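See below for the structure under consideration.
All values below were derived from every heavy atom in this structure, side-chain atoms included, with hydrogens, water molecules and symmetry-related copies excluded. Everything numeric here is computed off the predicted structure, so don't read it as measured data.
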Amino acid sequence: MPVQYQVDDHGVAYLQLDSPETRNALSNKLLDELLEALDRAKSDSAVRVVVLGTTHDKVFSAGGDLKAFSDAEPAITKYAGLDRFPRLFLALQQLGKPTICAASGDVLAGAFGLALACDLILARKGIRFGCPEINVGVFPFMISALIYRSVPRAKANELMLLGDLIGADEALALQIVNAVVPSGEFDDTVRSWAHRLATKSPLLTRLGKDAIATTRDMSLPDALSVLQAQLALALTTDDIVEGVTAFRQRRDPHWSGR
């Protein structure tokens, strides 16, 4: 099984890429299992947070399956198979639950897009990010839209056209990742962030994620109109009343999801 799935008692689903013999290459099989795992997490009301990680000690994922790029399948078959990438990126966006990319190893090529599709990225100190596929005659077509939404234009062009890799510290300086964590503290930090996210209202988190996704590429007037409606909707929920009441009473909130 190239994807491990486990849920802890805080409602955190850990999806671990587990195909070490291929350095977690994003094969059709791995992508299909990852899509199934995300659908499973989305439909499970007990799951509040999804963490995407790896069992490999050095590589999060080497990116797309290069063998599939060079095989003799008809072009139309290859085209149809490539829909897994946009489906995966959209599945992460539309999950309705916060996602963390636990980048404990190098994040390369298509996997860079996978990381950028998550809400938060935690990077282990010493790992690297980048798009080296240009060096073997491939361009990062499927992830370029995600890169341009997350990386300053000049650096985005440099990463995609030169294929050089950047370290975790530079990724932090570019605001690509949220934090860089020493190896010995990495697992505990990922768990701590995930458990903190799990304490938030699942309903308001979902409404917030949906609002961000809907308005990201809108004009400001259109975005403000949508956000006004979303806030009005949020104000009708029991969770907002509970959150404010709990804050005033100095106690932990008890979310009903209504």
Side-chain angles (χ1 to χ4, degrees), residues 1-6 8 12-31 33-35 37-38 41 49-68 84-85 88-89 92 98-136 138 140 142-143 146-147 150-151 155 159-160 163-194:
M1 299 289 286
V3 179
Q4 295 185 13
Y5 185 99
Q6 184 177 9
D8 71 10
V12 179
Y14 294 90
L15 281 55
Q16 298 280 92
L17 306 184
D18 186 27
S19 186
E21 69 281 0
T22 67
R23 300 170 75 231
N24 290 334
L26 300 177
S27 64
N28 288 347
K29 180 175 176 58
L30 188 149
L31 292 172
E33 285 206 9
L34 191 50
L35 283 163
L38 288 171
V49 181
V50 170
V51 174
L52 188 57
T54 176
T55 63
H56 199 290
D57 60 349
K58 294 183 179 179
V59 178
F60 174 79
S61 170
D65 184 2
L66 293 181
K67 290 182 180 179
R84 291 175 174 87
F85 282 97
L88 179 57
F89 300 150
L92 285 163
T99 55
I100 299 175
C101 176
S104 59
D106 289 349
V107 181
L108 307 175
F112 190 22
L114 183 57
L116 294 174
C118 293
D119 298 311
L120 303 169
I121 304 175
L122 297 178
R124 180 178 60 78
K125 192 169 183 62
I127 72 160
R128 300 172 298 170
F129 295 83
C131 312
E133 54 264 60
I134 192 67
N135 297 318
V136 294
V138 183
M142 296 306 302
I143 66 171
L146 289 161
I147 292 173
S150 306
V151 182
K155 194 65 182 185
L159 289 171
M160 291 188 285
D164 294 338
L165 305 183
I166 60 172
D169 289 330
E170 184 175 357
L172 179 63
L174 291 166
Q175 298 183 6
I176 296 171
V177 305
N178 296 89
V180 176
V181 185
S183 295
E185 303 171 16
F186 187 76
D187 290 343
D188 287 342
T189 300
V190 170
R191 193 176 302 110
S192 174
W193 280 51

If you compare all heavy atoms of A115 against all heavy atoms of V107, which two are closest, and at what distance to 0.1 Å?
CB-CG1, 4.0 Å

Atom pair CE (M142) and CZ (F89), whose distance is rounded to the nearest 0.5 Å:
6.5 Å

Approximate separation, where rounding is to 0.5 Å, of H56 NE2 and L17 CG:
11.0 Å

In this structure, CG of L35 is separated from CG of N28 (nearest 0.5 Å) by 10.5 Å

Pairwise side-chain contact, F60 with C101, heavy-atom cut-off 4.5 Å (strictly under)
yes

Heavy atoms of A41 and V50 approach each other most closely as CB-CG2, 3.7 Å

Rounded to the nearest 0.5 angstrom, the CD-OG distance for Q175 and S150 is 11.0 Å

G105 and I127: which non-hydrogen atoms are nearest, and at how many Å?
O-CD1, 3.4 Å

State, yes or no, whether a side-chain contact exists between L26 and F85 at a heavy-atom distance under 4.5 Å.
yes

With sequence neighbours excluded, what pairs up with D169 under the side chain to side chain contact (heavy atoms under 4.5 Å, CB included) test?
K125, V180

Kindly give the heavy-atom pair with the smallest separation between L159 and V151, and that separation in Å.
CD1-CG1, 4.3 Å

Would you say CD of E21 has more than 12 non-hydrogen atoms from neighbouring residues, nucleotides or ligands within 6.0 angstrom?
yes

Which residues satisfy the side-chain hydrogen bond (donor to acceptor under 3.5 Å, both in side chains) test with S61, sequence neighbours excluded?
none

How close do P140 and M160 get, counting heavy atoms only, and between which atoms?
CG-CG, 3.6 Å

Going by heavy atoms in the side chains, are L38 and L88 under 4.5 Å from each other?
yes

Residues which pass side chain to side chain contact (heavy atoms under 4.5 Å, CB included) with A171, listed by chain and number, not counting sequence neighbours
F129, I166, I176, V177

Could you walk me through whether L34 and L114 satisfy the side chain to side chain contact (heavy atoms under 4.5 Å, CB included) test, starting with their C-alpha distance in whole Å, then the side-chain angles of each, then the deciding distance to 0.1 Å, before giving a yes or no?
CA-CA 11 Å; L34 191 50; L114 183 57; 4.1 Å; yes

Set of side-chain hydrogen bond (donor to acceptor under 3.5 Å, both in side chains) partners for T55, sequence neighbours left out
D18

Is any side-chain heavy atom of L165 less than 4.5 Å from a side-chain heavy atom of L108?
yes

Just verifying a value: how many Å separate T22 OG1 and N24 CG, rounded to the nearest 0.5 Å?
6.0 Å

Contact summary for L30 and S19, nearest pair of heavy atoms:
CD1-CB, 4.3 Å

Show me, pair by pair, the donor-acceptor contacts under 3.5 angstrom made by side chains of residues 116-124, not counting sequence neighbours?
from : atom 1 : to   : atom 2 : distance (Å)
D119 : OD2    : T99  : N      : 2.9
D119 : OD2    : T99  : OG1    : 3.2
D119 : OD2    : K209 : NZ     : 2.9
R124 : NE     : S104 : O      : 2.6
R124 : NH1    : S183 : OG     : 3.4
R124 : NH2    : S104 : O      : 2.8

Provide the full list of salt bridge (Lys or Arg N to Asp or Glu O under 4.0 Å) pairs with a residue in residues 49-58, sequence neighbours left out, each pair given once.
none

Assess whether side chain to side chain contact (heavy atoms under 4.5 Å, CB included) is satisfied between R191 and D188, documenting all intermediate values.
CA-CA 5 Å; R191 193 176 302 110; D188 287 342; 2.8 Å; yes

